[in-house]
Amino acid sequence: MKKELINYDISKQFDTHILKETIVLPVYQNELFITCFVCENSNIEEFKKYVKITVKTIVTKQEIILFEIDNLALKRELFILSKQLIVSSSERNTRFFIYQIINLAVSKNASDIHIETMSEVLSVKFRIDGVLIEFFRFDIAIFSLVSSLLKLFANLDITQRRLPQNGRFVVNELSNYDFRISFMPTINGESIVIRILEKDFDRFYLDKIGFSDSSLSLIKEKITMTQGLILVTGPTGSGKTTTLYSIIKELKDTNKKIITVEDPVEYKIDNITQISLNREIGLVYTEILKNILRQDPDILLIGEIRDTESLQSAVSAAMTGHLVFATLHTNDAVSTIFRLLDLQGERFLIASVLKCIIAQRLVRKRCECGEDTGCTECNYTGYQSRTIISEVLNIDENLASLITSNATLLEMKQQALLSGFVGMYEDGMQKVQRGITTKEEIFVALKS
């Protein structure tokens, strides 16, 4: 977004409303001149009334300037603190520095914080609605302080910088959140990623994910079955976990024993038996699935079908009177059938147990501001929050028959359309027509 290390301390000599009105952001100053970010809509002449030295300009996008001016007081505070840490470090100040960044990330509904070392700067980015946005750049000299304290938070080895480390920590002031942290050695030092997980399971609602009325009706019909296999598919980051948790929430108050196998457990749910993988002691999918039916479940949620053995276990459970939910990495609903066959699933068994395939992607929703340059709420992106585009394939008798008879992908798609199947592209374009998202978001999502 920017190459310059902005000196936010300069901005204290200007009222924030002046910077917003003129759309000018000071980034560097010496005795001779002040350098500012400007755009085609900047009122440079008006800004010059407030300075007594020469103004130099760097042309950038308007939304970048407005984004930088947003939360300017906090950015200035952290910039000054970062300079102080270089001169005289203290755990108290470093802890405050980290907590301020985490608090801002939470307030912005970020899913991840990326702390990356570059050749001369420390970059802090937030992933918001699936997109990485750089919020800060600091002097790289403070990285070792930040890295060491974060490792202490997570009870990791602060002296180890050549091997990956993973852990978790909590922040007392943010008791509704868990933080998972990953350290990865790079050619420039270390890359740190903090995953932000909200503990509130009640926020999952199947009705609010973004399914069309017809898809939602079909899903609700299928998840009340007593046995069978239901798959949620899509690439990493397509919202599969959210869909599965929303389904589990829909079912958890029924008189059914529900067991989940996750890698790892992301949200703890009352009245649900949850199993977290632990590879260090050999507690892996295959080992769990070999023994899980002895726990007498009614409903199983398997994090992911990864290989032939896990598929066979899922099919076996579905054949013996259990309702099984699982995820799979495939591009669309119909091709999922052929992926199961590639994993050596037997055709007649797949046709017998498979009940429904939900394929989905996440797209950003248009912000209510309706502006291309955005607003404070959407971080000047024009988008806020996300919804899904999806296709839900009902495995009826006709499709089951085609599975057993070696039908082609085209033949299955044609049969699905005859049965009222609506593809992901069509679902997305319906959301575009309703003003929920944009064509650009649909095209980007379907390329993934």
Side-chain angles (χ1 to χ4, degrees), residues 1-87 93 96-97 100-101 103-105 107-110 118-126 128 131-142 366-384:
M1 186 176 70
K2 56 184 183 293
K3 295 181 180 179
E4 292 75 14
L5 185 60
I6 296 174
N7 183 347
Y8 290 103
D9 197 27
I10 300 171
S11 63
K12 68 183 179 182
Q13 58 189 292
F14 305 97
D15 289 336
T16 303
H17 78 271
I18 292 172
L19 301 180
K20 286 185 176 180
E21 287 178 1
T22 59
I23 318 180
V24 175
L25 177 69
V27 296
Y28 174 78
Q29 183 176 354
N30 60 22
E31 296 178 354
L32 301 176
F33 58 84
I34 183 170
T35 302
C36 302
F37 281 170
V38 299
C39 65
E40 58 182 10
N41 294 323
S42 296
N43 190 338
I44 303 173
E45 295 306 315
E46 179 66 21
F47 176 79
K48 287 180 178 179
K49 295 178 181 179
Y50 301 95
V51 294
K52 297 180 179 179
I53 57 177
T54 302
V55 176
K56 288 189 174 183
T57 61
I58 299 173
V59 178
T60 187
K61 295 179 180 179
Q62 178 173 321
E63 54 265 36
I64 290 178
I65 298 173
L66 294 174
F67 172 79
E68 288 295 342
I69 295 173
D70 196 25
N71 295 302
L72 193 56
L74 174 60
K75 291 176 179 178
R76 187 186 304 127
E77 179 182 18
L78 289 178
F79 175 81
I80 294 171
L81 183 56
S82 71
K83 293 298 183 184
Q84 293 173 350
L85 289 175
I86 294 173
V87 177
N93 285 344
F96 178 77
F97 178 84
Q100 288 288 73
I101 290 174
N103 276 314
L104 180 61
S107 72
K108 292 290 185 180
N109 295 315
M118 300 183 182
S119 56
E120 297 179 358
V121 297
L122 171 62
S123 172
V124 178
K125 302 173 184 176
F126 298 164
I128 301 173
V131 177
L132 269 179
I133 303 173
E134 186 174 63
F135 272 73
F136 307 103
R137 284 195 173 193
F138 300 107
D139 193 306
I140 198 170
I142 68 168
R366 294 182 63 181
C367 180
E368 292 181 359
C369 69
E371 298 290 337
D372 291 335
T373 54
C375 66
T376 298
E377 294 299 317
C378 65
N379 300 302
Y380 300 93
T381 63
Y383 297 95
Q384 186 181 27

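Hydrogens, waters and symmetry mates are skipped; everything else that's a heavy atom, side chains included, is used. Remember, predicted model here, so these are calculated numbers, not experimental data.
- With sequence neighbours left out, K49 forms a salt bridge (charged side-chain N to carboxylate O under 4.0 Å, His left out) with E46.
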side-chain contact (heavy atoms from CB on, under 4.5 Å) evaluation trace for L72 with L19
CA-CA 10 Å; L72 193 56; L19 301 180; 3.7 Å; yes

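- Between the CD1 atom of I128 and the OG1 atom of T381 there is a distance of 8.0 Å, given to the nearest 0.5 Å.
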If you apply the rule side-chain contact (heavy atoms from CB on, under 4.5 Å), what do you find for K83 with D139, and how did you get there?
CA-CA 8 Å; K83 293 298 183 184; D139 193 306; 4.1 Å; yes

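- Between I6 and F37, the closest side-chain pair of non-hydrogen atoms falls below 4.5 Å.
- For the pair N7 and Y28, the minimum side-chain heavy-atom distance is 4.5 Å or more.
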Would you check, one step at a time, whether the test ring pair (Phe, Tyr, Trp, His ring centres under 6.0 Å) holds for F97 with F138?
CA-CA 12 Å; F97 178 84; F138 300 107; 5.0 Å; yes

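- For N43, the side-chain hydrogen bond (donor to acceptor under 3.5 Å, both in side chains) test picks out no residue, with sequence neighbours left out.
- Residues E368 and E377 are not in side-chain contact: their nearest non-hydrogen atoms beyond the backbone lie 4.5 Å or more apart.
- Within the 4.5 Å cutoff, the side chain of S11 has heavy atoms near those of the R76 side chain.
- Rounding to the nearest 0.5 angstrom, the gap separating the CD atom in Q384 from the SG atom in C367 is 5.0 Å.
- Nearest heavy-atom pair, C378 versus C369, reported as atom, atom and distance to 0.1 Å: SG-SG, 4.1 Å.
- For the side-chain hydrogen bond (donor to acceptor under 3.5 Å, both in side chains) test, residues two or more places apart in sequence or in another chain that qualify with Q29 are Q13.
- Here the straight-line distance linking atom CG of L74 with atom OG of S107 works out to 8.5 Å at 0.5 Å rounding.
- In this model, no donor atom of one side chain and acceptor atom of the other lie less than 3.5 Å apart for E371 and Y380.
- For the atom pair S82 OG and Y8 OH, the distance stands at 10.5 Å (nearest 0.5 Å).
- In this structure, K108 fails the cation-pi test against F126, since its NZ or CZ atom is not both closer than 6.0 Å to the six-membered ring centre and inside 45 degrees of the ring normal.
- No side-chain heavy atom of L32 sits less than 4.5 Å from a side-chain heavy atom of T54.
- Legend: residues meeting salt bridge (charged side-chain N to carboxylate O under 4.0 Å, His left out) with K12, ordered by chain and number and at least two apart, are D9.
- Residue-environment remark: CG (N41) exceeds the threshold of 12 foreign heavy atoms within 6.0 Å.
- The two atoms that bring I65 and T60 nearest to each other are CG1-CG2, 3.6 Å, heavy atoms only.
- At least one side-chain heavy atom of Q84 sits less than 4.5 Å from a side-chain heavy atom of L81.
- Residues F135 and N379 meet the side-chain proximity criterion, which asks for heavy atoms closer than 4.5 Å.
- Residues passing the salt bridge (charged side-chain N to carboxylate O under 4.0 Å, His left out) test with E77: none are found, sequence neighbours excluded.
- Annotation: the span from I80 atom CD1 to K75 atom NZ amounts to 14.5 Å, rounded to 0.5 Å.
- Partners of I44 by side chain to side chain contact (heavy atoms under 4.5 Å, CB included), not counting sequence neighbours, listed by chain and number: V38, S42, K48, T57.
- Applying the 6.0 Å contact sphere to CD of Q100 captures more than 12 heavy atoms from other residues, nucleotides or ligands.
- Atom CZ of R137 and atom CD1 of I140 lie 11.0 Å apart (nearest 0.5 Å).
- Contact annotation: the side chain of Y50 never approaches that of D15 to less than 4.5 Å [non-hydrogen atoms, C-beta and beyond].
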